[in-house]
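Down below is the structure, laid out as structure tokens.
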Amino acid sequence: MTERIIIDLFTTLDGVAQAPGGPDEDTSDGFRFGGWQAGHPSEAVGASVMAGMETLDALLLGRRTYDIFAGYWPNHTTGPEGEIGRLFNSVPKYVASRDSHVRLDWEGSTRVGVDLTTEIPALRQRHRDVHVIGSIDLVQTLLAEHLYDELRLWVYPIVLGQGKKVFPDGARPANMRLLEPVTVGDNGTLMLRYAPLPGEPVLGSFD
């Protein structure tokens, strides 16, 4: 069994991953483009997301994303979203928070975040495919510390010019390996799958 930490993100061409799903999802720092994903519906993205759920057996979420999910998915276990709702309700949820008194009322939820460098390897041993969905602040930590196995980016043909980016200024230099050819979806969406490689980018000159 291959144990993986998989990061799933919707992002714009300029790398913004903040609040793709709705206007009130994350308005921090005055972000005014919440819900930017809605203008580019994509059946290919939907099918890809569902395919990725087939092996998911745990969620790792940042606190903000956890609160959104906990307020939504327990009430959506039937209809078009029922399959995802039932899955999310049934699997363990790990919530990254340094607040030892944080309330985690969604059944199956456990706090992590005291020391992710030891907690993430423990999750790998316990589960097959742990998915990190959204949770951009947590994702930036996982990327910086190489605490992940696969980065899946669904890139939309939008430029926002502001918002939290997957790789903000000051991000740790890193190498990555493309796992498969780029998938081109409808409405100009792209799916990219990367795995981390050791070391920093090699510098040189064409002279």
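Around atom CD of Glu43, no more than 12 heavy atoms belonging to other residues, nucleotides or ligands sit under 6.0 Å away. Annotation: Asp29, atom CG; neighbour count of heavy atoms from other residues, nucleotides and ligands within 6.0 Å does not exceed 12. Other residues, nucleotides and ligands contribute only 12 or fewer heavy atoms inside 6.0 Å of the CD atom of Glu83. Residue Arg32 places its CZ atom among 12 or fewer non-hydrogen atoms of other residues, nucleotides or ligands, all under 6.0 Å distant.
Between atom OG1 of residue Thr55 and atom CZ of residue Arg128 there is a gap of 5.5 Å, rounded to the nearest 0.5 Å. Taking CD1 of Ile84 as the start and CE of Met50 as the end, the distance is 4.5 Å to the nearest 0.5 Å. Leu147 contributes atom CG, which lies 6.0 Å from atom CD1 of Ile120 (distance to the nearest 0.5 angstrom). Glu150 CD to Leu153 CG: the interatomic distance, rounded to the nearest 0.5 Å, is 10.0 Å. Distance check, rounded to the nearest 0.5 Å: NE2 of His127 to OH of Tyr94 gives 3.0 Å. A distance of 8.5 Å separates CG of Leu151 from CG of Leu192, quoted to the nearest 0.5 Å.
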Candidate pair Thr12 and Asp14, rule side chain to side chain donor-acceptor pair (under 3.5 Å), full reasoning
CA-CA 5 Å; Thr12 65; Asp14 55 337; 2.5 Å; yes

Kindly indicate, with the supporting measurements, whether the criterion side-chain contact (heavy atoms from CB on, under 4.5 Å) is fulfilled by Leu13 and Tyr156.
CA-CA 6 Å; Leu13 279 176; Tyr156 283 68; over 6 Å; no

Using side-chain contact (heavy atoms from CB on, under 4.5 Å), reason through Glu81 and Trp73 one step at a time and then give a plain yes or no.
CA-CA 9 Å; Glu81 298 176 318; Trp73 288 113; 3.8 Å; yes

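At least one side-chain heavy atom of Arg124 sits less than 4.5 Å from a side-chain heavy atom of Ile5. When side chains are defined from C-beta on, Leu104 does not count as touching Thr110, because their heavy atoms never get closer than 4.5 Å. Inter-residue side-chain proximity for Gln37 and Ser42 is flagged as unmet; no heavy-atom pair is nearer than 4.5 Å. Put simply, the side chain of Asn187 does not reach to within 4.5 Å of the side chain of Pro157, judged on heavy atoms. In this structure, the side chains of Phe31 and Leu160 come closer than 4.5 Å at one or more pairs of heavy atoms.
Under the 3.5 Å distance criterion, with hydrogens and angles disregarded, a donor-acceptor pair is assigned to the side chains of Ser28 and Asp26. There is a side-chain donor-acceptor pair under 3.5 Å between Asp8 and His131.
Connection of Phe33 to Trp154 is established within a shared hydrophobic cluster, with ILVMFWY side chains joined at heavy-atom distances below 4.5 Å, either directly or through further cluster members. If you chain together hydrophobic residues whose side chains sit under 4.5 Å apart, Leu190 and Val45 never meet in one group. Tyr66 and Leu87 end up in the same hydrophobic cluster when Ile, Leu, Val, Met, Phe, Trp and Tyr side chains are linked at under 4.5 Å. Cluster membership for Leu123 and Trp106, using ILVMFWY side-chain heavy atoms within less than 4.5 angstrom, is not shared. Residue Leu179 is not grouped with residue Val184 when hydrophobic side chains (ILVMFWY) are merged at heavy-atom distances under 4.5 angstrom, including chains of intermediate members.
Arg98 approaches Gly113 most closely through the heavy-atom pair CG-O, 4.1 Å. The minimum heavy-atom distance between Glu25 and Pro20, with the atom names listed, is OE2-CD, 3.5 Å. Listed here is the closest heavy atom pair of Arg193 and Arg4: NH2-NH1, 4.3 Å. A pairwise comparison of heavy atoms in Gly85 and Asn89 identifies O-ND2, 2.7 Å as the closest pair. The nearest pair of heavy atoms linking Asp57 to Pro92 is O-CD, 3.4 Å. The two residues Met176 and Tyr148 have their closest heavy-atom pair at CE-OH, 3.1 Å.
Side-chain atoms of Ser135 never come within 3.5 Å of backbone atoms of Leu61 as a donor-acceptor pair (strictly under, hydrogens ignored).
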May I have the list of side-chain donor-acceptor pairs in residues 136-146 shorter than 3.5 Å, sequence neighbours left out?
{"unit_1": "Asp137", "atom_1": "OD2", "unit_2": "Lys164", "atom_2": "NZ", "d": "3.4"}
{"unit_1": "Gln140", "atom_1": "NE2", "unit_2": "Lys165", "atom_2": "O", "d": "2.6"}

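Between Tyr72 and His76, the ring-plane angle classifies as parallel under the 30° and 60° cut-offs.
Separation of the Phe10 and His40 ring centroids does not fall under the 6.0 Å cut-off.
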